[in-house]
**Student:** 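Pasting a structure here, questions to come.
It should be emphasised that the depicted structure is a prediction, and the values quoted were computed from it without experimental measurement.
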Amino acid sequence: MDDFFDIGEPIRPLASMASPAEVLRKDLERTMNPEQLNAVLNNQGPLLVLAGAGSGKTRVITHKIAWLVEAVGLMPWQILAVTFTNKAAAEMRERTEKLLGERAKDTWIGTFHSTGLRLLRRHAELVGRTRDFVVYDQDDRERLLGKVMKELNVDKEYLSPKKASYYIDDQAHLLRGPGHPELPMELPIDKTCAKVYAAYEDAKTRANAFDFSDLIVKTVQLFEKHPPVLSEWQYKWRYVMVDEFQDTDRAQSHLLRLLAGDAANLCVVGDDDQSSYRWRGADVRNILDFPDTFPGREVAVVRLERNYRSMGNILKAASSLIRRNTARHDKSLWTEKPAGELIRVFAAETEGGEARWVLKQLLDRRRAGTPLNEVAVFYRTHSQSRVFEDVLRMEALPYIVVGGLKFYERKEVKDVLAYLRLVHNPADDVALLRVIDSPPRGIGDKTLERVAELGSATGTSLFEAMELFAQSREGSRSRAAIERFRGQVQGLRVVAERNADALAVARAVLEDTGFADWIKKDTTLEGQGRRENVDELMLSIEEWRARNSDRSLTAFIDHVSLLTSLDQDARGQAVTLMTVHAAKGLEFDTVFVTGLEEEVFPHFNSKEEAALEEERRLAYVAITRGKERVYLSYARSRQRFGRTDVNMPSRFLGEIDPTVLKPESEFGGSRAFSGSAGWTHGATSRPSVRPDLSTLQGLAGRSTGGGWAASASKASSGSSASSASASRPSHGRSLDYADSQVGGGGGELVGRQVVHPRFGRGKVLKVEGNGEDARVTVKFPMVGEKTIIARFLQAV
DNA sequence: GCACGCATATTTTTT
DNA sequence: ATATGCGTGC
């Protein structure tokens with residue numbers, strides 16, 4: 001198949017009319033720099049494209065696909081393009097469609113995991129599963145591990161399911177299955193892990209399930225054990241392209257090599273400076289050593305070093321930072337863009353002050369005409385999002401938190417999905433255990449234990465064991481309960497068979513199992529939230545159904561299994577809040593990199609040199625997301641765990657070329673950010689730069705002096721306190737918690753009119769707790785009842 | 001068997 | 001501070 005290609009020369013036009021290939025070539029020559037063009041046109045054998053941040057990488061990949069089709073003559077379905085996230089895959093598909101139109105639909109563009117899933121579905125029987133197998137996520141896996149470890153009598157204190165899960169992932173990334181000779185065996189805990197690993201593997205097989213790692217590892221296994229299958233796919237996929245190659249682990253790069261075969265028409269694109277998944281098994285060596293890994297073959301290397309994204313100063317800041325790393329391909333980005341503004345570095349007292357500063361800059365940007373969806377706030381960990389959410393909500397600015405609370409991970413949502421999975425695959429013990437008491441149906445631990453015993457005695461799934469149990473003469477009450485449950489599931493299976501539509505099955509699940517009635521009965525606020533979530537799930541099934549031609553239960557389950565919260569698309573004009581990890585591959589006009597403190601960013605768990613370099617790469621990724629403006633910020637003290645931590649400014653701040661930075665602080669003036677000497681204790685100093693509080697809604701006419709200075713002086717009391725004091729008008733018409741004694745005689749508040757920045761005016765129905773953190777239930781005319789933390793309300 | 005209440009760990013990043 | 005897990009009482 002090597003000679004399938006005779007590339008480099010476009011197909012000759014038949015007539016004098018320009019062929020699509022010629023048009024494309026002209027277009028490429030006009031719009032691409034020489035390196036990009038080189039990357040697009042080089043199509044024989046292995047190619048490494050070292051694509052610096054903002055160097056037009058996605059453009060190269062999509063145009064390369066177009067070129068392969070238009071000029072080289074490949075059929076779209078002969079191209080495989082792999083990325084890491086669904087989001088990146090979606091963008092690639094979209095942009096390829098712009099170039100190729102409908103034909104792009106035949107190109108397989110997917111994530112590593114979706115590609116693996118697809119292959120495994122096709123050949124399930126060769127890897128010890130039936131085609132109905134399911135995919136276990138982290139949660140399912142830990143449940144199954146818990147079950148397995150219980151059976152093995154492994155003490156959870158000694159080895160937690162979570163630890164076991166990490167262990168399994170570590171081994172899987174190295175392609176070591178259970179029983180592999182290289183599994184660590186020195187310590188007693190290693191032996192326990194190995195034992196658990198083997199038992200877990202068996203349990204997965206019995207449950208007809210794969211976990212995330214399996215999607216890669218078992219695909220590799222499939223290919224290695226069944227060369228004809230591998231040949232089949234190698235023959236189909238003539239060209240393989242990979243994005244974010246720096247984040248591949250050993251199993252993934254091995255899989256790629258298998259797929260590429262002897263022809264090795266494999267193009268990997270990546271940037272070692274942006275590698276950030278070490279903890280997930282990513283091995284930077286995959287990209288660093290790529291040129292040397294094809295014995296006897298020349299590996300072409302193209303470097304994309306021209307940055308089209310960021311202003312000069314931003315690039316300078318990023319480059320000066322990343323230069324501190326040692327393990328990297330040498331390269332230097334350049335741009336023709338002007339230097340642009342200096343990068344402002346803000347020193348706040350508390351994370352609340354940091355958030356308010358970000359908010360102020362954000363409002364300034366909005367006034368200047370920057371659309372909100374071009375603004376992003378980055379932080380190292382999810383938990384940092386909250387303060388920003390608080391201030392944005394106060395200001396009624398729309399925002400999206402990427403990641404964080406994951407819709408598909410909510411309990412009730414997972415419950416419904418577990419029902420679907422169980423209907424689809426009754427051997428799925430994890431799903432069964434999940435739904436068995438939702439709603440409660442009189443099947444308790446005792447009964448379940450007996451069923452489980454039957455199951456392990458006969459080597460069958462719990463569901464099958466239930467049938468045996470029903471035939472036995474065990475206690476009649478539990479037997480009836482089990483029978484009823486089995487009947488429900490069987491009934492649902494009939495629905496599924498009669499009507500293969502996922503939506504119909506989901507509806508039947510809600511009705512027939514009593515799940516809908518059960519959550520309807522719960523009148524608490526959480527219950528209401530749960531109902532809303534289930535409604536939203538049904539809605540999302542409908543949406544999915546409208547978009548897809550394959551509406552089967554299997555298709556839906558696959559779709560959901562691989563979904564992540566990163567996939568929700570930014571709708572409309574909203575500020576984006578996300579972790580730095582989630583930011584990879586994106587760009588924004590304006591970027592805030594927050595929490596630049598030691599212990600936070602770099603993270604306290606990353607002290608070791610290699611880990612620290614990864615943290616630095618993360619900071620590099622963050623900064624290079626910005627097109628026009630980048631703001632950096634840190635807080636002297638930060639709430640964490642309920643405690644107040646005082647941290648030094650991040651070492652990264654000191655590593656950036658100081659000539660592009662413009663330091664400022666909560667109390668005015670500029671200040672060096674090396675060492676704690678930079679800190680003054682704010683209690684006594686009068687703020688010379690106060691945040692522009694007049695911008696906060698409903699604060700016009702507040703007294704000067706008061707709130708801010710007060711909150712600064714008690715900085716350690718935390719974000720909620722300071723944001724409350726900032727938001728509370730100092731006189732008159734506020735919800736004055738202390739005076740109205742919400743806790744004790746809080747009745748006074750009930751019935752009063754209040755205003756919420758987003759929901760508008762409403763009437764207080766109920767107050768729980770006291771002080772600014774009291775939970776106040778308010779009835780709003782438009783949105784109905786909501787429970788809101790007191791500090792976000794204002795009395796009228 | 002189930003609901004409620006208290007205690008505990010949890011926070012790095014994700015397919 | 002919050003979510004989850006475990007124990008106790010109905």
Side-chain angles (χ1 to χ4, degrees), chain A residues 82-89 110-117 135-139 141-142 146 156-157 160-162 165-166 169 172-173 210-217 244 247-249 251-252 275-282 378-387 402-406 408-411 436-448 475 477-478 481 522 524 526 561-567 578-584 595 599-607 611 614-615 617-619 621-622 638-645 718-720 773 789:
Chain A
V82 191
T83 65
F84 271 88
T85 65
N86 296 306
K87 193 173 180 175
T111 63
F112 275 100
H113 292 83
S114 67
T115 307
L117 176 56
V135 180
Y136 279 180
D137 68 9
Q138 191 60 32
D139 186 59
R141 168 193 258 187
E142 280 172 32
K156 264 199 249 169
E157 302 292 316
S160 68
K162 190 164 244 135
S165 172
Y166 286 142
D169 262 341
H173 290 140
F210 283 129
D211 59 25
F212 275 128
S213 295
D214 286 335
L215 296 182
I216 312 299
V217 173
E244 308 285 8
D247 289 328
T248 50
D249 61 31
Q252 287 160 336
S275 170
S276 60
Y277 287 96
R278 218 173 69 95
W279 48 273
R280 199 174 68 186
F378 300 150
Y379 34 78
R380 178 64 178 79
T381 65
H382 281 303
S383 57
Q384 291 166 249
S385 74
R386 226 189 122 163
V387 214
V402 178
L405 38 126
K406 305 171 180 181
Y408 285 98
E409 283 173 19
R410 287 182 206 157
K411 185 182 175 301
I436 194 84
D437 57 354
S438 321
R441 32 169 79 85
I443 303 174
D445 291 342
K446 252 312 189 5
T447 311
L448 220 47
R477 212 166 80 189
S478 49
D522 185 353
T524 63
E526 293 82 43
S561 303
L562 298 180
L563 263 189
T564 71
S565 47
L566 298 186
D567 299 325
M578 62 173 122
T579 63
V580 179
H581 280 86
K584 190 183 287 186
E599 312 299 311
V600 177
F601 197 2
H603 194 266
F604 69 96
N605 248 355
S606 305
K607 296 270 195 261
E614 176 142 316
E615 295 287 310
R617 289 194 292 268
L618 274 174
V621 168
R638 181 177 294 277
Q639 297 292 118
R640 212 174 105 99
F641 241 5
R643 299 249 121 240
T644 301
D645 285 352
S719 67
S720 53
D773 290 323
I789 304 299

**Student:** Please state how far atom CD in A/Q252 lies from atom P in B/dT14, giving the value in whole angstrom units.
**Tutor:** 16 Å
**Student:** Are A/R141 and A/D211 close enough for a salt bridge, meaning some N to O gap below 4.0 Å?
**Tutor:** yes
**Student:** Could you check A/E615 against A/Q138 and say which one's nearest nucleotide on DNA chain B is further toward the 5' end?
**Tutor:** A/E615
**Student:** Determine: side-chain N/O of A/H173 to OP1/OP2 of B/dT15, distance under 4.0 Å, yes or no.
**Tutor:** no
**Student:** Closest to the A/R386 side chain: B/dT12, B/dT15, C/dA1?
**Tutor:** C/dA1
**Student:** Could you tell me how far apart A/D247 (CG) and B/dT13 (P) are, to the nearest whole angstrom?
**Tutor:** 16 Å
**Student:** I'd like to know whether the aromatic ring centres of A/H581 and A/Y277 sit less than 6.0 Å apart in this structure.
**Tutor:** yes
**Student:** The side chain of A/S383 lies closest to which of these nucleotides: B/dT11, B/dT15, B/dT14?
**Tutor:** B/dT11
**Student:** Give a yes/no answer on whether the side chain of A/S114 brings an N or O atom under 4.0 Å of OP1 or OP2 in B/dT15.
**Tutor:** no
**Student:** Can you tell me the distance, in whole Å, between the CZ atom of A/F601 and the P atom of B/dT13?
**Tutor:** 13 Å
**Student:** Does A/H603 make a side-chain N or O approach to OP1 or OP2 of B/dT12 shorter than 4.0 Å?
**Tutor:** yes
**Student:** When you compare C/dC6 with B/dT11, how far apart are their P atoms, in angstrom units rounded to a whole number?
**Tutor:** 16 Å
**Student:** Round to the nearest Å and state the distance from A/H382 atom NE2 to B/dT12 atom P.
**Tutor:** 12 Å
**Student:** May I have the distance from A/F84 (atom CZ) to B/dT14 (atom P), rounded to whole angstrom?
**Tutor:** 14 Å
**Student:** Do any N or O atoms from the side chain of A/Q252 and from the backbone of A/I216 form a donor-acceptor pair under 3.5 angstrom?
**Tutor:** no
**Student:** Any donor-acceptor pair under 3.5 Å joining the side chain of A/W279 to the base of B/dT13?
**Tutor:** yes
**Student:** What is the separation between atom CZ on A/R638 and atom P on C/dA1, rounded to the nearest whole Å?
**Tutor:** 16 Å
**Student:** From the options B/dT11, B/dT15, B/dT13, select the nucleotide whose nearest atom is closest to the side chain of A/R380.
**Tutor:** B/dT13
**Student:** Please measure how far the P atom in C/dT4 lies from the corresponding atom in B/dT13, and state the result in whole Å.
**Tutor:** 15 Å
**Student:** Do you know the tightest heavy-atom contact between A/F84 and A/E244?
**Tutor:** CE1-O, 3.2 Å
**Student:** How would you label the contact of A/F112 with the nucleic acid (heavy atoms, under 4.0 Å): base, sugar-phosphate, or nothing?
**Tutor:** nothing
**Student:** Check whether any side-chain N or O of A/K162 sits under 4.0 Å from OP1 or OP2 of C/dG5, and answer yes or no.
**Tutor:** no
**Student:** Would you mind reading off the distance between A/N605 atom CG and B/dT10 atom C1', rounded to a whole angstrom?
**Tutor:** 13 Å
**Student:** Could you tell me which non-hydrogen atom of A/L215 sits nearest to which non-hydrogen atom of A/F210, and how far apart they are?
**Tutor:** CD2-CB, 4.4 Å
**Student:** Do A/Y277 and the base of B/dT14 stack face to face, with centres under 5.5 Å apart and an angle between planes under 30°?
**Tutor:** no
**Student:** Rounded to the nearest angstrom, tell me the gap between atom CG in A/D211 and atom P in B/dT14.
**Tutor:** 19 Å
**Student:** Using only atom types and a distance under 3.5 Å, with no angle test, would you say the side chain of A/H173 pairs donor to acceptor with the backbone of A/R280?
**Tutor:** yes
